[in-house]
Amino acid sequence: MKANPSKLVKEHYRTLRDRRTDESRWQDYAWFLIGPAVVYVVACIIGLELPEGASAGLLTASGVLAAFFFGVMLQVAQRALEWSESNPEKGRDTSWQADFLTQIAANAGYAVIVSLIAAAVLVAVLITEGAGLANVLLSALALALCVHLALMLSMVLVRIYALTSDRLLRTKVGGPTGKVTQLHDRKTGSG
């Protein structure tokens with residue numbers, strides 16, 4: 001089924017690896033999964049119920065982030081298509097860049113999924129306002145998803161910065177081969 005996001009989710013979690021050893025990084029799993037789980041448990045224990053205004057604000061933020069991450073995916077896809085059509089020189093550097101763009105796309109796509117789930121849960125929080133335990137559980141889940149989403153935003157921003165700074169440093173100093181490589185001209189109106 002084309003609408004099945006499981007491959008995207010798997011690809012996202014595959015990025016939580018050490019670049020040098022290609023082994024899973026337990027620190028990443030702890031940060032991205034255990035952190036939000038702790039927020040969920042604490043929110044349940046204290047009986048947190050998100051007020052209507054907070055739920056509406058988080059719902060808006062979740063929608064904005066979904067649009068932002070979708071835009072990131074489109075930009076990466078567009079750049080990947082243009083780059084692959086330019087027949088870049090094969091080698092370690094090109095493979096690294098291709099892997100990096102794939103990882104950014106996987107992270108951004110996963111973040112879109114989390115944003116949409118968070119939005120649905122926040123709508124449920126608004127619907128169940130004043131319903132006691134159901135609202136507490138949904139509020140805790142919404143808060144945990146929003147924390148997870150904020151962590152995803154941080155991850156994608158750091159990865160985009162790392163790619164940008166690496167490319168600019170290589171261009172500035174002449175790259176690993178001493179040869180200055182330039183980005184191909186982007187077409188007008190292509191973002």
Side-chain angles (χ1 to χ4, degrees), residues 1-16 24-79 100-165 189 191:
M1 179 167 97
K2 290 198 183 252
N4 184 350
S6 63
K7 183 176 181 185
L8 193 55
V9 171
K10 286 178 193 172
E11 288 300 316
H12 161 71
Y13 282 101
R14 194 172 295 160
T15 70
L16 303 181
S24 293
R25 289 181 36 92
W26 67 267
Q27 301 94 330
D28 289 343
Y29 283 94
W31 189 249
F32 288 103
L33 297 176
I34 296 173
V38 168
V39 168
Y40 175 78
V41 169
V42 169
C44 285
I45 289 171
I46 65 171
L48 176 77
E49 291 187 59
L50 288 172
E52 184 178 338
S55 297
L58 289 172
L59 179 58
T60 301
S62 181
V64 168
L65 286 175
F68 166 74
F69 283 120
F70 187 72
V72 168
M73 282 194 72
L74 289 176
Q75 287 290 322
V76 170
Q78 179 182 5
R79 194 64 180 153
F100 209 87
L101 289 173
T102 301
Q103 290 178 8
I104 291 172
N107 297 147
Y110 174 79
V112 170
I113 293 167
V114 173
S115 296
L116 295 174
I117 293 169
V121 172
L122 285 159
V123 167
V125 168
L126 288 167
I127 291 169
T128 62
E129 186 176 7
L133 182 60
N135 189 261
V136 169
L137 295 174
L138 288 168
S139 292
L141 180 58
L143 195 56
L145 286 168
C146 287
V147 167
H148 187 62
L149 194 54
L151 292 170
M152 288 304 308
L153 176 62
S154 175
M155 179 183 191
V156 169
L157 292 176
V158 167
R159 284 182 177 238
I160 291 171
Y161 176 76
L163 177 63
T164 303
S165 63

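All figures in this text were calculated on a predicted structure; none of them were measured in a lab.
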*Only counting residues at least two apart or in another chain, list the ones meeting side chain to side chain contact (heavy atoms under 4.5 Å, CB included) with Leu59.*
Ala119, Leu122, Val123, Leu126
*For Ser165, what residues pass the side-chain hydrogen bond (donor to acceptor under 3.5 Å, both in side chains) criterion, not counting sequence neighbours?*
none
_Tyr161 and Leu157, any side-chain heavy atoms less than 4.5 Å apart_ = no
*For Glu11, which residues count as a salt bridge (charged side-chain N to carboxylate O under 4.0 Å, His left out) partner, sequence neighbours excluded?*
Arg14
*Rounded to the nearest 0.5 Å, what separation is found between the CG atom of Leu8 and the CG atom of Asn107?*
9.0 Å
*What residues form a side chain to side chain contact (heavy atoms under 4.5 Å, CB included) with Val38, not counting sequence neighbours?*
Ile34, Val42
*About how many Å separate CG of Leu101 and CD1 of Ile160, when rounded to the nearest 0.5 Å?*
10.0 Å
*With sequence neighbours excluded, give me every ring pair (Phe, Tyr, Trp, His ring centres under 6.0 Å) pair touching residues 118-145.*
none
*Nearest heavy atoms of Met73 and Gly109, plus distance in Å*: SD-CA, 3.1 Å
Pairs of donor and acceptor atoms involving the side chains of residues 132-147, under 3.5 Å and at least two apart or interchain, shall be tabulated with distances.
from	atom 1	to	atom 2	distance (Å)
Asn135	OD1	Ser139	OG	3.4
Asn135	ND2	Val125	O	3.0
Asn135	ND2	Thr128	O	3.4
Asn135	ND2	Thr128	OG1	3.1
Ser139	OG	Leu50	N	3.0
Ser139	OG	Asn135	O	2.8

_Ignoring hydrogens, what is the shortest heavy-atom contact between Val112 and Ala66? Give both atom names and the distance._
CG2-O, 3.7 Å
*Nearest heavy-atom pair of Pro36 and Leu33: which atoms, and what distance?*
CD-O, 3.5 Å
*Look up atom CE in Met152 and atom CG in Leu65, then write down how far apart they are to the nearest 0.5 Å.*
11.0 Å
*Verify the neighbour count for atom CZ of Phe70: are there more than 12 heavy atoms of other residues, nucleotides or ligands below 6.0 Å?*
no
*With sequence neighbours excluded, give me every ring pair (Phe, Tyr, Trp, His ring centres under 6.0 Å) pair touching residues 102-147.*
His12-Tyr110, Tyr13-Tyr110, Tyr110-His148
_Please find the pair of heavy atoms, one from Leu149 and one from Ala111, that lie closest to each other, and give the distance._
CD1-O, 3.6 Å
*How far does CZ of Arg79 sit from CG of Leu74, to the nearest 0.5 angstrom?*
15.0 Å
*Report yes if some heavy atom in the side chain of Val114 is under 4.5 Å from a heavy atom in the side chain of Phe69; otherwise report no.*
no
*Would you please name every residue forming a side-chain hydrogen bond (donor to acceptor under 3.5 Å, both in side chains) with Glu129, sequence neighbours left out?*
none
*Could you note down all residue pairs passing side-chain hydrogen bond (donor to acceptor under 3.5 Å, both in side chains) where residues 43-66 supplies at least one of them, sequence neighbours left out?*
none
